[in-house]
Structures are given as structure tokens and as C-alpha cells.
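Both counts, for ligands and for their atoms, begin at 1 and track the order of listing. This chain uses plain numbering: 1 for the first residue, then up along the sequence.
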Amino acid sequence: MNRDTARVIKGDICYSKDKNNLAIVPDGYLVCEDGRSAGVFDRLPQSYQEIPLEDYSGKLVVPGLTDLHIHAPQYAFRGFKMDLELLEWLNTSAFPEEARYADPEYARKAYSLFVDDLRKSPTTRACLFATLHLPATEILMDLLEESGLVTFVGKVSMDRNCPDYLREEDGDAAARAVLDWLEETAGAYRHVRPILTPRFIPACSDRLMERLGEIQREHRLPVQSHLSENPEEIAWVRQLAPWSQFYGDAYDHFGLFGGEVPTIMAHCVHCPSQEVERMREKGVYIAHCPQSNSNLASGAAPVRLFLDQDMRVGLGSDIAGGTVLSIFRAMAEAIQVSKLRGRLTGDGLKPLTMEEVFYMGTLGGGSFFGKVGSFEAGYEFDALVLDESRIPHPQKLTVRERLERYLYLSGEDWILHKYVQGRKLF
Ligand code: GUN
Ligand code: FE
């Protein structure tokens with residue numbers, strides 16, 4: 001054991017054992033050795049007595065959170081033009097803003113603001129979309145590396161149905177740009193990894209998807225994209241890929257939909273049953289983004305259905321479809337959206353529980369990164385010490401009560417201490 005990086009954290013410790021079970025150890029000890037958890041204990045075993053102890057008695061200690069879907073360049077315009085649905089919002093809001101990242105100076109300024117806030121937030125792991133620009137994407141990767149967070153970053157690929165000012169020339173040019181990006185960044189980072197990022201089927205020609213499939217097989221990269229978010233979008237995919245059985249089949253056709261390929265699909269609001277079945281078979285991760293579902297009037301993803309089939313589900317902020325970085329808030333909103341869905345559709349799907357959403361924001365999404373999102377022995381040591389000082393309460397609350405209200409009440413930067421892979425960021 002490396003005693004320099006070993007530490008013991010004392011506090012009110014909460015983590016998911018699985019989607020239905022929350023482990024709560026009041027006044028417990030969490031041990032970190034070599035960047036991994038050595039377990040949680042009621043009393044500190046003799047063998048760990050020599051390790052430096054950080055005493056956060058009375059404070060909540062939870063695993064770091066994973067944001068499975070976030071658009072870094074959209075952070076600057078969150079909260080603008082929120083009265084539009086997806087396709088109009090992309091054209092009038094997202095695309096013009098993303099075009100600014102052709103200017104590396106603007107990119108550095110805007111991405112610095114974003115990464116500063118992400119570093120202070122409860123997120124320890126994130127899967128990010130950048131833009132199609134190489135210099136700006138590398139600036140984002142540099143800033144994330146300095147932040148100490150562990151991330152996947154995608155240079156976005158898009159070569160059709162977008163404005164001239166934000167479109168790659170054709171599938172071959174777009175594929176060449178991905179290869180250049182991989183070559184330029186190879187071996188440059190310890191905590192930032194590349195992920196293939198076709199924006200969504202409407203913005204990616206068949207030739208581009210074919211080439212990304214080849215690049216995936218050669219470089220063994222994971223994939224992230226959007227799926228079945230909005231009814232107009234889905235109808236458009238039907239026109240653009242008439243040969244596909246359903247939207248997700250248009251990714252699968254090119255070998256970019258799970259199986260051997262670790263894949264995240266954001267939203268999955270309106271998936272037909274065949275699509276759900278294919279995602280289940282192929283272990284595709286679903287990034288549920290409840291705030292974006294509401295803001296862009298997309299609907300409400302049937303998350304209960306996914307969880308009941310033991311599918312892989314995590315949470316995403318979908319900045320700027322969502323306006324809030326905090327995945328604690330995404331947990332609360334996932335519950336709220338599931339309640340509205342149940343009442344309004346009468347589909348009989350039960351609302352999500354706190355255990356389930358906490359699991360999604362920690363272990364559910366974290367597992368995309370390996371053994372991440374839990375304090376069980378062997379998991380990478382990502383931890384948060386939470387600040388409840390701004391929400392004092394007149395009664396003595398249980399640890400579970402405190403955690404539940406923290407999901408609903410916390411601000412984005414109410415984190416006292418943050419650890420990633422055993423490293424203390426602050
Ligand atoms: N589909 C394609 N691009 C986007 C995007 O930037 N945000 C969201 N929410 N959906 C998309
Ligand atoms: Fe998105």
C-alpha cells in the first residue's frame with residue numbers, strides 16, 4: 001500500500017449497493033488505498049489506524065456523480081431561448097453558439113468558465129460533446145486534464161442538414177478530421193479520453209457513419225450520440241434512413257450501437273419496443289436528462305421501464321437543453337418527471353424512487369467508466385463531502401432524510417471536498 005495517497009474519511013456515509021438498496025453508515029469510516037476504496041466500516045480496523053484521518057463527522061459523504069451527457073460549448077447560453085423544441089432550438093440557438101468555437105480565443109474563455117464550474121460541481125466523471133472544431137476541442141481537453149476530473153470528450157461529427165457555417169464538407173472530410181484529432185491528442189492526457197461523437201442521425205451522412213464505424217473498429221473507441229428525443233426528429237430519421245427498422249437501427253447498421261462498442265444514447269424518450277429491446281440486448285447506456293426533457297418539451301423518458309429490465313441507465317445534465325450542472329438536481333427532477341409522466345399518460349409506470357435516482361447518478365452512470373460510483377471495496381475512490389450549512393433544520397434528521405432533501409435543495413457548488421481516483425481536488 002502507498003501510505004502517501006492513503007486516507008481515511010470519517011462521516012455519514014451513503015452509497016448504492018444496487019438500484020434498490022442504499023447503504024447508510026452513520027459516523028462511519030471510508031478507507032482509500034492506492035486510489036481505490038478499501039471499504040466502509042462502522043469501526044476503523046486496526047490495520048488502518050496509521051493512515052491519516054480526515055474527520056468530517058456530521059457531514060454527508062457520498063460517491064462522486066457521473067454526468068453521462070453534457071454539451072460543453074452550450075454552457076454559455078444555458079437559460080436562453082427555452083421556449084423552442086429541439087430542431088428549432090438547434091438552428092436558432094445551439095448551432096450559432098457552437099460556431100463561435102471556430103475562434104480558439106473565444107473557446108478558451110468560454111471553456112474556462114465551464115470547466116471552473118464543473119470542477120466545483122458534484123460531478124467527478126463526465127461524457128462531453130465538444131464542437132466539430134479541432135483546436136477548440138483540444139483546448140477543452142487541456143482544461144479538463146488540469147481540472148483533475150475524469151472525462152470522455154468527443155469532437156463532434158456532423159456533415160449534413162446543418163448550416164454551412166457549422167458543417168463538415170462530407171463524410172470523408174469529417175472522418176479525416178476525427179483521425180487528425182486522435183493523432184494529435186494520442187498519449188497527451190491521463191484523465192481525458194476520446195469518444196466518437198456523431199451528433200445525431202439527421203446531421204450525419206451514411207458515408208460519415210460508415211467511416212466512423214471503421215474508425216471505431218480500428219481504434220476501439222466508445223460512442224455517444226442522441227436517440228429518439230423528439231417526435232419531429234424521429235420522423236425525419238425515418239425519411240433519411242428509410243432502410244432502418246427504427247432510429248437506433250440506423251446507428252446499429254454501422255456498428256455504432258452497443259455490443260462490443262461501449263455506447264451512450266442520450267434521451268430515449270420515445271423509443272418503440274423493438275428499439276428498447278435492441279438497447280437491452282446490446283447493453284447500450286441510456287443517459288436520462290430530465291431537465292432537458294422538460295425544457296425542450298421533448299416528453300418524459302420511461303425510465304421505470306428501462307430499470308425494470310435491468311438496462312444500463314445514468315443521468316445527464318444535457319447542458320444547455322438542461323440549465324443546471326448539478327446531477328443531484330437531475331436526480332430530483334428524474335423523480336418529478338416520472339411522476340408527471342405516470343399521472344398524465346396513465347401508463348401505469350410507478351414513479352422513480354430516491355434509491356433508484358441516486359443509483360443512476362452514481363453507480364448506474366459511473367459503471368461506464370469501470371468500477372466507479374460506489375464505495376464497495378475495489379471501486380475507484382471518487383467521493384464528495386457535502387455542505388448542508390445553508391439548509392439548517394430545527395429537528396434532528398436521519399441521514400436518509402438529509403440526503404433526500406439535499407437532492408432537492410442543494411446548490412451547484414455546495415461541495416466541501418472532492419476526491420477523484422483518490423486525488424483530493426479541494
Ligand atoms: N440532438 C442533436 N444535437 C443536440 C443537442 O445539441 N442537444 C440536444 N438536446 N439534442 C440534440
Ligand atoms: Fe444533448
Side-chain angles (χ1 to χ4, degrees), residues 67-101 114 126-133 137 140 152-163 166-168 174 195-205 208-209 223-237 240-241 247-248 250-251 256 263-271 285-301 314-325 327 330 333 337 365:
D67 190 336
L68 274 189
H69 185 72
I70 174 165
H71 297 263
Q74 297 179 9
Y75 191 63
F77 76 88
R78 67 201 196 291
F80 295 170
K81 296 195 191 166
M82 300 310 282
D83 295 334
L84 304 174
E85 287 197 25
L86 176 66
L87 299 180
E88 208 185 345
W89 177 81
L90 285 174
N91 280 319
T92 62
S93 202
F95 292 158
E97 176 64 18
E98 289 190 23
R100 293 178 190 274
Y101 289 74
F114 165 68
C127 296
L128 302 107
F129 280 53
T131 61
L132 55 75
H133 312 98
T137 301
L140 175 63
F152 283 102
V153 172
K155 174 224 159 315
V156 173
S157 298
M158 47 200 287
D159 73 332
R160 69 172 176 186
N161 295 320
C162 6
L166 192 74
R167 185 178 61 224
E168 295 169 296
I195 181 166
L196 293 177
T197 305
R199 183 167 205 124
F200 65 160
I201 292 291
C204 299
S205 67
L208 169 55
M209 295 300 282
V223 173
Q224 61 181 354
S225 195
H226 295 93
L227 182 67
S228 297
E229 178 177 3
N230 167 286
E232 252 183 286
E233 169 211 22
I234 295 166
W236 198 13
V237 171
L240 291 165
Y247 191 161
Y251 293 106
L256 298 170
T263 301
I264 301 168
M265 288 288 153
H267 303 300
C268 307
V269 178
H270 305 283
C271 299
Y285 277 79
I286 295 156
H288 175 45
C289 308
Q291 214 183 53
S292 175
N293 284 184
S294 311
N295 283 334
L296 297 177
S298 301
L315 291 170
S317 61
D318 193 33
I319 298 289
T323 56
V324 173
L325 269 183
I327 295 298
E333 281 163 16
V337 161

Does a donor on one side chain and an acceptor on the other come within less than 3.5 Å for His69 and His226? yes
Going by distance alone, is a donor N or O of one side chain under 3.5 Å from an acceptor N or O of the other, for Ser225 and Tyr251? yes
Glu233-Tyr247 side chain donor-acceptor pair, cut-off 3.5 Å: yes
For residues His133 and Tyr101, establish whether the separation of their ring centroids is below 6.0 Å. no
Considering only the protein, which heavy-atom contact is closest to atom 11 (C) of ligand 1, and what is its distance? His226 NE2, 3.3 Å
Which ligand 1 atoms are under 4.0 Å away from a heavy-atom of Leu86? 8 (C), 10 (N), 11 (C)
Polar side chain donor-acceptor pair, Gln224 to Thr197, under 3.5 angstrom: yes
Show the atoms of ligand 1 that are less than 4.0 angstrom away from any heavy atom in His267. 9 (N)
Starting from atom 6 (O) of ligand 1, locate the nearest protein heavy atom and write down its residue, its atom name and how far away it is, to 0.1 Å. Arg199 NH2, 2.7 Å
His71: numbered ligand 1 atoms lying under 4.0 Å from its heavy atoms: 5 (C), 6 (O), 7 (N)
Mind checking whether Gln74 has a heavy atom under 4.0 Å from ligand 1? yes
Anything under 3.5 Å between a donor and an acceptor, one on a side chain of residues 79-89, the other on a protein residue two or more places apart or in another chain? List them.
residue	atom	partner	partner atom	Å
Lys81	NZ	Thr92	O	2.8
Glu85	OE1	Asn230	ND2	3.2

Minimum-distance protein heavy atom relative to atom 10 (N) of ligand 1: Glu229 OE1, 2.8 Å
Is the closest basic N to carboxylate O distance between Lys155 and Glu168 below 4.0 Å? yes
Any heavy atom of Trp89 closer to ligand 1 than 4.0 angstrom? yes
What's the verdict on side-chain hydrogen bond (donor to acceptor under 3.5 Å, both in side chains) for Gln291 and Thr323, showing C-alpha distance, side-chain angles and the deciding distance? CA-CA 7 Å; Gln291 214 183 53; Thr323 56; 3.2 Å; yes
Side chains of Asn293 and Ser298: is there a donor and an acceptor less than 3.5 Å apart? no
Protein N/O/S atoms closer than 2.8 Å to the Fe ion (ligand 2), ordered by chain and number, come to His69 NE2, His71 NE2, His226 NE2, Asp318 OD1
Walk me through it: do Ser157 and Leu208 pass the test side chain to side chain contact (heavy atoms under 4.5 Å, CB included)? CA-CA 8 Å; Ser157 298; Leu208 169 55; 4.0 Å; yes
Does any N/O atom on Asp318 come nearer than 3.5 Å to any N/O atom on ligand 1? yes
